[in-house]
Each structure stands twice: as C-alpha cells, then as structure tokens.
Amino acid sequence: PVAGSRLPEDGCWAVELSDRTMKPLADHVMGGNKIAPGMFYVEMALEAVGLPCTLTNVEFKSMCKIPAAASEGEAPTTVLLSVRPSEGVD
C-alpha cells in the first residue's frame, strides 16, 4: 500500500512525494531522474477506492519526478489521485 490519506471526496487519495517520504523508490531512476513507478499510481487508485476493483484503460502520459525535498530543504510535492467508475457501471 501507498502511505497517504483519503480525502473527503469519494475516490480521492493524496500522497506526499519526495526523496524523504519515498525512500524505497530511490533506485527507480530514468534519465538520471528519480521517478515514481507506474505501480505507485495503481496502488494509489486501489487505496482511493478502498475495496477490490478492476482498473481498466490505465494510461500514463508522463513520468512523475520524485523531488529532492530532503536534500534541498523543500516541501514534498503532493500527488492527488481521483478515480471514478466507468460510465454504465454501478
């Protein structure tokens, strides 16, 4: 599971993302940048929904760099994820 918090809106999840909060991802590097792997977002979606579900049509349009908050004294980036059921699905 991805440590974070459920927001008051149904299907919303927030995670603070930095090299300090995501130490296990420190070795996930692409092009010299630490990035959040796709599974990070899948885990966020599962946490946001809070029950077993099937994810379909998952698309990653760009990579999310993990900011160096701890080393530069900057605040972590907050990643928000909102999921909703497909049309016609109850």
Side-chain angles (χ1 to χ4, degrees):
V2 175
S5 57
R6 187 179 314 279
L7 301 179
E9 301 83 15
D10 284 340
C12 292
W13 193 256
V15 174
E16 287 191 344
L17 184 64
S18 75
D19 61 355
R20 180 176 40 84
T21 60
M22 296 291 168
K23 288 181 182 178
L25 302 179
D27 294 334
H28 197 71
V29 178
M30 238 179 135
N33 296 302
K34 295 178 186 176
I35 64 164
M39 194 61 195
F40 170 81
Y41 296 100
V42 172
E43 286 288 336
M44 281 183 70
L46 294 173
E47 293 289 337
V49 172
L51 50 97
C53 65
T54 300
L55 299 176
T56 59
N57 300 321
V58 176
E59 182 178 339
F60 300 100
K61 295 187 178 190
S62 64
M63 65 180 169
C64 180
K65 295 178 186 176
I66 299 175
S71 60
E72 298 177 16
E74 297 177 17
T77 297
T78 300
V79 177
L80 300 173
L81 178 83
S82 177
V83 295
R84 59 181 161 62
S86 298
E87 291 183 27
V89 175
D90 293 327

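Nothing here was measured: the structure is a model prediction, and the numbers come from that model.
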Is there a path from [X] to [Y] through hydrophobic residues (I, L, V, M, F, W, Y) whose side chains come within less than 4.5 Å of each other?
{"X": "Val42", "Y": "Val15", "answer": "yes"}
{"X": "Ile35", "Y": "Phe60", "answer": "no"}
{"X": "Ile66", "Y": "Val79", "answer": "yes"}

Between Ala36 and His28 the two heavy atoms that sit nearest each other are C-CD2, 4.2 Å
Shortest non-hydrogen contact between Cys64 and Leu17, atoms and distance: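 For Cys64 and Leu17, the tightest heavy-atom pair comes out as SG-CD2, 3.6 Å.
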